[in-house]
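We name chains A, B, ... by the order of the sequence lines, and we start the count at 1 in each one.
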Amino acid sequence: MHHLYLLRLYRHSKIGFIAAVLFVCVYTLLLLKRMDMMLFPYNAMFAYNRSAVDSGIVYRVKANDQPVLFTTFAYWKKDLLETSAFVYGRYVEADRKVYLEQYLLSKPALFQCNLLHALYPGRASTAGWYRWYAAMAGMPGATQFSMWKYRLKQHNNRMQAIDSVCLETRILP
Amino acid sequence: MIPEQSYHADRLRYVWLCWTLEWIFLLCSGVGFHAFAGNPFYSLGVDPLQWLPFALQFPQWLSQHSWLGWMPDIGLLLSALWLIRFPASQRITRLQCIVSFLFYCTLTGYLGHRNFQTGMFLVFIPFVFRTALNRSLAFEALRYFLLFFYVSAGWFKLVNGHLFDTSQMHSILQQQLLPYYVENSSNFRVGINQFLLKQATLAQTLYVLSFVAEMAALIGFFTRRFDRWILLALLVFHLCNWVLMDIAPIGHIAFLFLLWISRNPVEPGTMKTRTGESS
């Protein structure tokens, strides 16, 4: 019994004990409420239901009419280019609202204080993202950009694009 | 009573070595604070911890110029090298913890998603404490959190009823490598993906094996004797994840290595005093 971690922690530090118990309680509550991305997001690692989905979506940027390719880059750069294109594509589709803004708008008015606006990027400046993205992928100096959404479905054990749509085009000086 | 120390302090430098190698890999692949220069777009999650630096406009300020980003990038590298030489250096560990936390917030803010980046700064937390006993207890708490990280993922796989539903892994495989398909890539990863798309039962078996690896961490809640075996299981799990799913654990391995320095209670080694270093 005297080996129990929380008991040892209690004996050594009451503050540490309270902090640990509080952390466990808050974390348990968040998990029970399915708010698992709230605090030190843990990562469910494909534990949530995917079986209902049979197709996939990819967002792709074209710079000066050339697709921006990224899968041959080293892992972190590939991940950055892949994910930021996905998130920016979703942002364009959602009438230029980031995820957090959409999330808080779905909550009671209590959560919509002006202070939170500092947590969203300025809408007027976000188009500059295309220039950053193209430069990051080794295509600096491009001036015409477009965001494309592809839908893929499995065909003969291979995923194939079945349609694509241009979400927006931008010309940046 | 003389309390035992919960980790091998003499092995700590290898954890920092691992962290340094991960950071070098990250910089070499073209990512770091400097990579966000000129990027005006970010999308935060619902984690209030992540909001703080953005509310203070720190990442936005840092992304104004590339050289501003290079300063913390180089700083983190030099501090990490310092920690390899002097693993118990408390001030440097604290600094490293703060800057890597800011990097975690900045990276996930600009990425707009997370997978294994949390470990990048969590690994420093036990070692920011002044006394050996505080460090030892904080190490234990973090070790439990690490174990929980995996056990909860396994638990949710179980309760959501996906273990024997072959369409689950099939669907994951369909969606995981889509950018490669759009780019008409034909590398080995795509080849494996195509093979597994044909073999739904085999693919689901891999899903079940990942569940077993995650649930292996449950043993760690009862004994520290098998920590290195748990580490091995988790490393194999991450390696397979990297090959099959293209999700690399780089940035997370040093955190996992806490299991390697974890001390089994039956091993020799106790602390001399409540404030001193381990014997």
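- Aromatic ring pairs are classed by plane angle as parallel below 30°, tilted from 30° to 60° and perpendicular above 60°; the pair F145(B) and Y27(A) is perpendicular.
- Contact of Q50(B) with chain A is not made at all, since no heavy-atom distance falls under 4.5 Å.
- Interface remark: M245(B) contributes side-chain atoms only to the contact with chain A (heavy atom separation under 4.5 Å).
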* Show the numbers, then the answer: is there a side chain to side chain donor-acceptor pair (under 3.5 Å) between T71(A) and E183(B)? => CA-CA 8 Å; T71(A) 57; E183(B) 291 188 11; 2.6 Å; yes

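- For L107(B), the part sitting under 4.5 Å from any heavy atom of chain A is the side chain, from C-beta outward, and nothing else.
- Residue contact with chain A, scored on non-hydrogen atoms closer than 4.5 Å, involves the side chain of V190(B) exclusively.
- Proximity to chain B involves both the backbone and the side chain of F70(A), based on heavy atoms less than 4.5 angstrom apart.
- When the candidates A47(A), S125(A), A74(A) are compared by the number of heavy-atom contacts under 4.5 Å with chain B, A47(A) comes out ahead.
- At a 4.5 Å heavy-atom cutoff, R90(A) makes no contact with chain B through either its backbone or its side chain.
- Heavy atoms closer than 4.5 Å to chain A are found nowhere in N193(B), neither backbone nor side chain.
- Both the backbone and the side chain of L69(A) come within less than 4.5 Å of a heavy atom in chain B.
- Between the side chains of W148(A) and S146(A), a donor-acceptor pair is found at a separation under 3.5 Å.
- Ranked by heavy-atom pairs under 4.5 Å with chain B, the list A161(A), A127(A), G128(A), P121(A) is led by P121(A).
- Using a 4.5 Å cut-off between heavy atoms, A35(B) touches chain A through backbone and side chain atoms alike.
- One N or O on the side chain of R135(B) and one on the backbone of F129(B) form a donor-acceptor pair closer than 3.5 Å.
- The ring-ring contact (aromatic ring centres under 6.0 Å, His included) search around F103(B) returns W23(B), F33(B), not counting sequence neighbours.
- Cation-pi geometry between R131(A) and F145(A) is not met: the NZ or CZ atom fails to fall both under 6.0 Å from the ring centre and inside 45° of the normal.
- Residue with the most contacts toward chain A among N241(B), N39(B), V31(B): N39(B) (heavy-atom pairs, distance under 4.5 Å).
- A cation-pi geometry, defined here as NZ or CZ lying under 6.0 Å from the six-membered ring centre and within 45° of its normal, does not hold between K77(A) and Y75(A).
- For I57(A), the part lying near chain B is the backbone, with the side chain staying farther off; criterion is any non-hydrogen pair under 4.5 Å.
- The choice from P48(B), S185(B), S210(B) that makes the most heavy-atom pairs within less than 4.5 Å of chain A is P48(B).
- Side-chain contact of S171(B) with Q175(B): a donor-acceptor pair under 3.5 Å is present, judged by distance alone.
- Contacts of Y110(B) with chain A are made by backbone atoms alone, with heavy-atom separations under 4.5 Å and no side-chain atom involved.
- Between Q176(B) and F46(A), some side-chain heavy-atom pair lies under the 4.5 Å cut-off.
- Contact annotation for Q194(B): both backbone and side-chain heavy atoms come within less than 4.5 Å of a heavy atom of chain A.
- Residues satisfying the ring-ring contact (aromatic ring centres under 6.0 Å, His included) criterion with F124(B), sequence neighbours excluded, are W16(B), W19(B).
- Each of L197(B), L111(B), N160(B) has some count of heavy-atom pairs under 4.5 Å with chain A, and the biggest count is that of L111(B).
- Contacts between F221(B) and chain A at a heavy-atom distance below 4.5 Å are absent for every atom of the residue.
- Contact of Y88(A) with chain B is made through backbone and side chain together, with heavy-atom distances under 4.5 Å.
- Looking only at heavy-atom pairs under 4.5 Å with chain A, the residue among N184(B), L178(B), V159(B) that has the most is L178(B).
- Salt-bridge annotation for K78(A) and D246(B): present, with a side-chain N of the basic residue lying under 4.0 Å from a carboxylate O of the acidic one.
- Remark: the H252(B) side chain and the Q117(B) side chain contain no N/O donor-acceptor pair separated by less than 3.5 Å.
- Only the side chain of Y207(B) has a heavy atom closer than 4.5 Å to any heavy atom of chain A.
- Looking at Y59(A) and E93(A), their side chains come closer than 4.5 Å, going by heavy atoms from C-beta outward.
- Contacts of S55(A) with chain B are made by backbone atoms alone, with heavy-atom separations under 4.5 Å and no side-chain atom involved.
- Listed options F73(A), Y130(A), Y103(A), Y150(A) were ranked by heavy-atom pairs under 4.5 angstrom with chain B; first place goes to Y103(A).
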* Please walk me through it: do E101(A) and R123(A) pass salt bridge (charged side-chain N to carboxylate O under 4.0 Å, His left out)? -> CA-CA 12 Å; E101(A) 190 175 1; R123(A) 284 198 183 100; 2.8 Å; yes

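- When heavy atoms are compared at a cutoff of 4.5 Å, W242(B) approaches chain A solely by way of its side chain, counted from C-beta outward.
- Of the two parts of M159(A), the backbone and the side chain both hold a non-hydrogen atom closer than 4.5 Å to a non-hydrogen atom of chain B.
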* Audit row: E168(A), R96(A), salt bridge (charged side-chain N to carboxylate O under 4.0 Å, His left out) steps and yes/no -> CA-CA 11 Å; E168(A) 73 166 1; R96(A) 305 190 91 74; 3.1 Å; yes

